[in-house]
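These notes concern the structure reproduced below.
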Amino acid sequence: MKSMPSNFSAGGLLPLSFYAVSALKAAPRLLGQTLVRETEEGEIRCRIVETESYGGVEDKGSHAYGGRRTARTEIMFGEGGAAYIYLIYGMYHCLNVVTGPQDDPQAVLIRAVEPLTPGDEDLMRAYRGSLARRPMDLSGGPGKLCRALNIDKSLNGVLLHSGDSPLRLEAAGTPAEPPARDDGSDIILAAPRINIAYAAEYAEVPWRFYYQDNPYVSVVDKNRAFLIN
DNA sequence: ACCACGATCGTCT
DNA sequence: GACGATCGTGGTA
């Protein structure tokens, strides 16, 4: 194995301290970590393979740009560790991990996940219906992964570091579930974020992170992506 | 009250 | 590659 994605003990919940950093630091660290979703139908465990940082009041791409503190963005201003979930285009949901201290709006958009086991994949396919053909179609994209995990606004504000939550984060490397492939596909690339042309100069900063050659990644940016590890 | 728009996706050409 | 779906949100009046 080339490198461990985190310094935290494998298999347990990510501790509160994991979230006490900027979104820009947390975004690459979230790659490889395990997202756990408890639903009526069962538990889904998946590996995060693509993230984007939305950090601070100066980021023109962020909902909290300029310190905009409203009913929707309130969760972003809370302490790190909560889920920020919003509706986009009237029909899809997006999942974010809030980071940083109280009153500093930082969040990491989860853009793609991959199921850890065939059982996890079966349940995700059930939620996605007939649309999921290739891996990317199953959960490669923020709206798609929320559909695949049955995530909507009713989970906004859920604490990801609590074992009681229906949505939580565990450290990579559960013994029964090897976190990364052993073939070099845990190489992390950085590239500009997706679909934020309105963010002006912030539209080009390389704040998207994803695993090279991972089939679940939503958009491959061959021209502008570069290695960070 | 009104209105323009979006951290997307699926379909069609 | 282009386009429409669909509605909550935030800015403006």
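Letters A, B, ... are given to chains in the order of the sequence lines, protein chains preceding strands, and every chain is numbered from 1. Computed from a prediction, not measured in an experiment: that's the story for all the values here.
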Kindly express the pairing pattern of DNA chain B in dot-bracket notation, using | wherever a base pairs with another strand and counting only Watson-Crick or G-U pairs under 3.5 Å. ||||||.|||||.
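- Here the closest non-hydrogen pair linking A:Ala203 and A:Ile196 is CB-O, 3.4 Å.
- In summary, of the residues considered (A:Leu35, A:Thr99, A:Thr51), a side-chain contact (heavy atoms from CB on, under 4.5 Å) with A:Leu30 occurs for A:Thr51 alone.
- Within residues 78-111 of chain A, the residues that place at least one heavy atom under 4.0 Å from DNA chain C are, in residue-number order, A:Leu87, A:Tyr89, A:Gly90, A:Met91.
- The interatomic distance linking A:Tyr65 (OH) with B:dG6 (P) rounds to 15 Å, in whole Å.
- Taking 4.0 Å as the cut-off between side-chain N and carboxylate O, A:Glu41 and A:Arg125 do not count as a salt-bridged pair.
- With sequence neighbours excluded, the residues satisfying side-chain hydrogen bond (donor to acceptor under 3.5 Å, both in side chains) with A:Ser154 are A:Asp152.
- Across all strands, A:Arg72 comes closer than 4.0 Å only to sugar-phosphate atoms, never to a base (heavy-atom distances).
- Residue A:Lys60 is out of contact with every strand shown, counting any heavy-atom pair closer than 4.0 Å.
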Enumerate, atom names and distances included, each donor-acceptor pair closer than 3.5 Å involving a side-chain atom of residues 15-27 of chain A, sequence neighbours excluded.
from    : atom 1 : to      : atom 2 : distance (Å)
A:Ser22 : OG     : A:Lys25 : N      : 3.2

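- Cluster membership check: A:Tyr127 shares its hydrophobic cluster with A:Ile48, using side-chain heavy-atom separations under 4.5 Å among Ile, Leu, Val, Met, Phe, Trp and Tyr.
- Ring pair A:Tyr202/A:Trp207 is tilted by interplanar angle, where 30° to 60° counts as tilted.
- Near DNA chain B, meaning a heavy atom under 4.0 Å away, the residues from residues 135-144 of chain A are A:Gly141, A:Pro142, A:Gly143, A:Lys144.
- The nearest whole Å value for the distance from the CZ atom in A:Arg133 to the P atom in B:dG10 is 12 Å.
- Interatomic distance, A:Ile110 CD1 to A:Ser139 OG, rounded to the nearest 0.5 Å: 12.5 Å.
- Once you apply a 4.0 Å limit to the heavy atoms of chain A, the touched nucleotides of DNA chain C run 5' to 3' over C:dA5 to C:dG11.
- In this structure, A:Tyr216 and A:Tyr211 have side chains that are not in contact, with every pair of non-hydrogen atoms separated by 4.5 Å or more.
- Within the nucleic acid shown, A:Arg128 comes within 4.0 Å of sugar-phosphate atoms alone, with no base atom in reach, counting heavy atoms only.
- Rounded to the nearest 0.5 Å, atoms CD1 (A:Ile44) and OG1 (A:Thr117) are 10.0 Å apart.
- Between A:Ile151 and the choices A:Cys94, A:Cys146, A:Pro166, the side-chain contact (heavy atoms from CB on, under 4.5 Å) rule is met once, by A:Cys146.
- Taking CG of A:Asp59 as the reference point, atom CD of A:Gln106 lies at 9.0 Å (rounded to 0.5 Å).
- Taking the charged nitrogens against the carboxylate oxygens, A:Arg69 and A:Glu74 do have a contact shorter than 4.0 Å, which makes a salt bridge.
- Using a 4.0 Å heavy-atom cutoff across all strands shown, A:Arg68 reaches sugar-phosphate atoms only and no base atom.
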